[in-house]
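The structure appears below as structure tokens.
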2 protein chains.
Amino acid sequence: MKLQQLRYVAEVARRNLNVSDAAEALYTSQPGVSKQIKLLENELGVTIFERSGKRFVGITEPGRAIIEGAERILREAENLKRLGKEHAGGDSGALVLAVTHTQARYALPPIIRAFVERYPKVELALRQGTPEQIAEWLEEGEADIGVSTEGLDNHSSLVTLPVRQWHYCVIVPAGHAALKIPRLSLSALARWPLIVTSAAERMGLRAAFQRQGLEPQIALTALDADVIKTYVGLGLGLGIIADFAFDPARDTDIHCLDAAHLFESSTTRLGLRRGVFLRRFEYDFIQFFAPHLDRHAVERTLQGGGGDYQL
Amino acid sequence: MKLQQLRYVAEVARRNLNVSDAAEALYTSQPGVSKQIKLLENELGVTIFERSGKRFVGITEPGRAIIEGAERILREAENLKRLGKEHAGGDSGALVLAVTHTQARYALPPIIRAFVERYPKVELALRQGTPEQIAEWLEEGEADIGVSTEGLDNHSSLVTLPVRQWHYCVIVPAGHAALKIPRLSLSALARWPLIVTSAAERMGLRAAFQRQGLEPQIALTALDADVIKTYVGLGLGLGIIADFAFDPARDTDIHCLDAAHLFESSTTRLGLRRGVFLRRFEYDFIQFFAPHLDRHAVERTLQGGGGDYQL
DNA sequence: CGTGATTACGTTTATCGTAATTATA
DNA sequence: TATAATTACGATAAACGTAATCACG
């Protein structure tokens, strides 16, 4: 049994049983992959892939278990390599962050500024995507640390760590009637067209209205807070965004009203691949972002069976 | 990185940093091991072993982590091989049981009779040893399943499963005065010389006396129940053995008195290496032994983080 | 017939073992 | 000086890539 063979098997399984694709992805020849897989099957005495003639059409039941094991082994091997880099490379290396728009635009800049100052030799890459994409990138090892408010919890191969709680707030154009209301209520909000993110809808914003028998007028569903602010500025309606996405210094044409009493609070979370080895600068990045997440807290969660760390 | 290299590193670490010994154990040459380790260190960019000139004198801090990872990988690889055999070999294979004397002599015979009838092609090996040896054999992969009443719990790499509870009983030669006592007490027992196992002493037998301010007269400390029964038959004293070690059909010269009310009950436990892949016949063996331990219960414990299954 | 896996075969690379060398206790 | 790791080197074997072949849709 060779690590190479396990790599081949795992890659073929990942590429929908297409040996040619797998070979290309692994920068090697198709016959090589084919042969090594056969050798492994021979050694283990088990056919891993169901074949119809010469074509791969499925995974046998023992094959499934073998692929799982192979992936565990490969992850561990990956960890060893990282471990090497950690001790050899010192303060240089690469860090790929997978984050949502709002995090990248509002929450992360000060963190990243501090990080690049501390670790100038680390190549920092920011990958922006939906929570689903972020989870996928983490699972595939294409990103090291994910940041998102939702969508990371339903993946058993990931662990999540709470960074901080935040609330929604309502942004209002200057001179709008809503500014005269002393304490905002849902029924008042329902009177005006609203501009929200699709994420906010998923997070139960619409449900909050409906619990009081109200139906909000959603004028526009945007993907990010910047778009929302733009349209609020144009007078299309009231915006609902995360409180930390309002910048009093820059957003002078609009006002921000507290809405903590109207909607449930949300928690920004970090996502990591379970059991992964983290380099020192990764632990430090996490602690820059969430000071309560020291190395020990993160390690405990990474190793821990199921339960995620609670805020 | 090659599996072979990881094997070499792990073996050298296990053999007190002696490359020559490791090479011999791996049936290969010393220079080969030496070279592969150096290659791995080169690839990872980390020195794993501290050297004084040409001699290995210690393990570096990153080396420790690498060896740990290597061992995890090797265990997983071992699992894949077993997985292959399971599906290829069908009902044949090998099963190494590591057990204490009392288990081998009294608890296991009916189980093993049933097992060999069901799996005649499985090569069954019985290794008898102390609880400490059993734990060690399991950890090293030299035995598949361990059975013991004590000594398996303090090993983090093992999981244990409860098989059944049992009590101590007192065996008495025919015509002995103790037979006339209606209900045995510790103070009565303290009047006669006792013959016990060293295991029973560890399990708190002596402590039970001392809690009542009594000091038992230990005439003889034996290693197994057969020896105890022999000397009880010779009239050297009363014996204290596990209840299931008394065989009314065979042990006609001695009597057995219930002592469940005098000493704490004990629990026979199975020991397994954490996370190991078990073959079908191993699951079946376990269930022959402890019907409540079906495949699911065992799997849950094997994967489970820390907690052992409770009876 | 085109896509895609296997077989055949020559090249290259890496592994292994013996022997010689060097360093330590 | 004995023990133990490294270096050198030749023999062996494994992996790789190209080209040809074969099977399925």
Side-chain angles (χ1 to χ4, degrees), chain A residues 1-60 63 66-67 70 73-74 77 80-81 84, chain B residues 1-60 63 66-67 70 73-74 77 80-81 84:
Chain A
M1 188 186 323
K2 306 255 161 64
L3 278 178
Q4 195 89 313
Q5 298 171 330
L6 301 181
R7 262 183 227 116
Y8 288 180
V9 165
E11 193 62 32
V12 168
R14 181 168 315 187
R15 305 260 166 190
N16 294 315
L17 310 178
N18 186 318
V19 178
S20 308
D21 283 7
E24 195 176 347
L26 293 160
Y27 305 105
T28 185
S29 70
Q30 195 213 42
V33 175
S34 191
K35 185 171 191 184
Q36 290 306 319
I37 289 180
K38 184 157 290 185
L39 280 174
L40 180 64
E41 289 185 323
N42 244 4
E43 182 181 342
L44 297 179
V46 170
T47 59
I48 298 172
F49 296 107
E50 282 167 5
R51 289 147 167 98
S52 149
K54 293 202 168 186
R55 218 150 285 221
F56 283 30
V57 294
I59 303 175
T60 65
I66 286 173
I67 289 166
I73 290 177
L74 293 172
L80 287 193
K81 281 195 206 136
Chain B
M1 188 187 322
K2 307 256 161 64
L3 279 177
Q4 195 91 313
Q5 296 171 332
L6 300 181
R7 262 182 228 116
Y8 287 0
V9 166
E11 193 63 31
V12 168
R14 181 168 316 186
R15 305 261 166 189
N16 295 314
L17 310 178
N18 187 318
V19 178
S20 309
D21 283 7
E24 195 175 349
L26 293 160
Y27 305 105
T28 185
S29 71
Q30 194 215 42
V33 176
S34 190
K35 186 170 193 184
Q36 291 306 320
I37 289 179
K38 184 157 290 186
L39 280 174
L40 179 64
E41 289 185 322
N42 244 3
E43 182 182 342
L44 296 179
V46 169
T47 59
I48 298 172
F49 297 107
E50 282 168 5
R51 291 151 168 93
S52 149
K54 295 202 168 188
R55 222 151 280 220
F56 284 28
V57 295
I59 302 176
T60 65
I66 286 173
I67 290 165
I73 289 176
L74 295 171
L80 287 193
K81 281 197 208 133

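Computed from heavy atoms alone, side chains included, the values below leave out hydrogens, waters and symmetry copies. Naming: A, B, ... by sequence-line order, numbering from 1 per chain. As the structure is a prediction and not an experimental result, all values here were calculated from the model.
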Self-check item: For the student: nearest non-hydrogen atoms of B/Leu6 and B/Leu74, plus distance
Solution: O-CD1, 3.8 Å
Exercise. Kindly give the heavy-atom pair with the smallest separation between A/Leu40 and A/Met1, and that separation in Å.
Key: CD1-CG, 4.0 Å
Quiz prompt | Distance (rounded to the nearest 0.5 Å) between A/Ile73 CD1 and B/Leu3 CG | solution = 6.5 Å
Quiz item: Given atom CD of B/Gln4 and atom P of D/dA15, what is their separation to the nearest angstrom?
Solution: 11 Å
Quiz item: Do you know the tightest heavy-atom contact between B/Leu17 and B/Gly58?
Solution: CD1-N, 3.3 Å
Exercise. Kindly state each residue pair satisfying side chain to side chain donor-acceptor pair (under 3.5 Å) with at least one member in residues 35-50 of chain A, sequence neighbours excluded.
Key: A/Gln5-A/Gln36, A/Glu41-A/Arg51
Quiz item: Looking at side-chain heavy atoms only, is the closest gap between B/Ile67 and B/Phe49 below 4.5 Å?
Solution: yes
Quiz item: Could you give the start and end, 5' to 3', of the contact zone on DNA chain C for chain A, using atoms under 4.0 Å from its heavy atoms?
Solution: C/dT3 to C/dT7
Quiz prompt | Where protein sits on nucleotides 2-12 of chain D, one letter per nucleotide: B base, S sugar-phosphate only, - none, heavy atoms under 4.0 Å | solution = -BSBBB-----
Quiz item: Under 4.0 Å between a side-chain N/O of A/Tyr8 and OP1 or OP2 of D/dA15, yes or no?
Solution: no
Quiz item: If you measure from CG on B/Leu39 to NZ on B/Lys2, what distance do you get to the nearest 0.5 Å?
Solution: 8.0 Å
Quiz item: Taking only residues at least two apart or on different chains, which pairs with a member in residues 18-32 of chain A satisfy side chain to side chain donor-acceptor pair (under 3.5 Å)?
Solution: A/Ser20-A/Gln30
Quiz prompt | Axis-to-axis angle between the two ends of the helix from C/dC1-D/dG25 to C/dA25-D/dT1 (five base pairs per end, rounded to 10 degrees) | solution = 40°
Exercise. Identify the heavy atoms of B/Ser52 and B/Val57 that sit nearest to each other, and give their distance.
Key: CB-CG1, 3.7 Å
Output a table of donor-acceptor pairs, distance under 3.5 Å, between side-chain atoms of residues 7-14 of chain B and any protein atom two or more places apart or on a different chain; print 'none' if there are none.
{"unit_1": "B/Arg7", "atom_1": "NH1", "unit_2": "B/Gln4", "atom_2": "OE1", "d": "2.7"}
{"unit_1": "B/Glu11", "atom_1": "OE2", "unit_2": "B/Arg15", "atom_2": "NE", "d": "2.7"}
{"unit_1": "B/Glu11", "atom_1": "OE2", "unit_2": "B/Arg15", "atom_2": "NH2", "d": "3.2"}

Quiz item: With a 4.0 Å cut-off on heavy atoms, is A/Phe49 in touch with a base, just the backbone sugar-phosphate, or nothing at all?
Solution: nothing
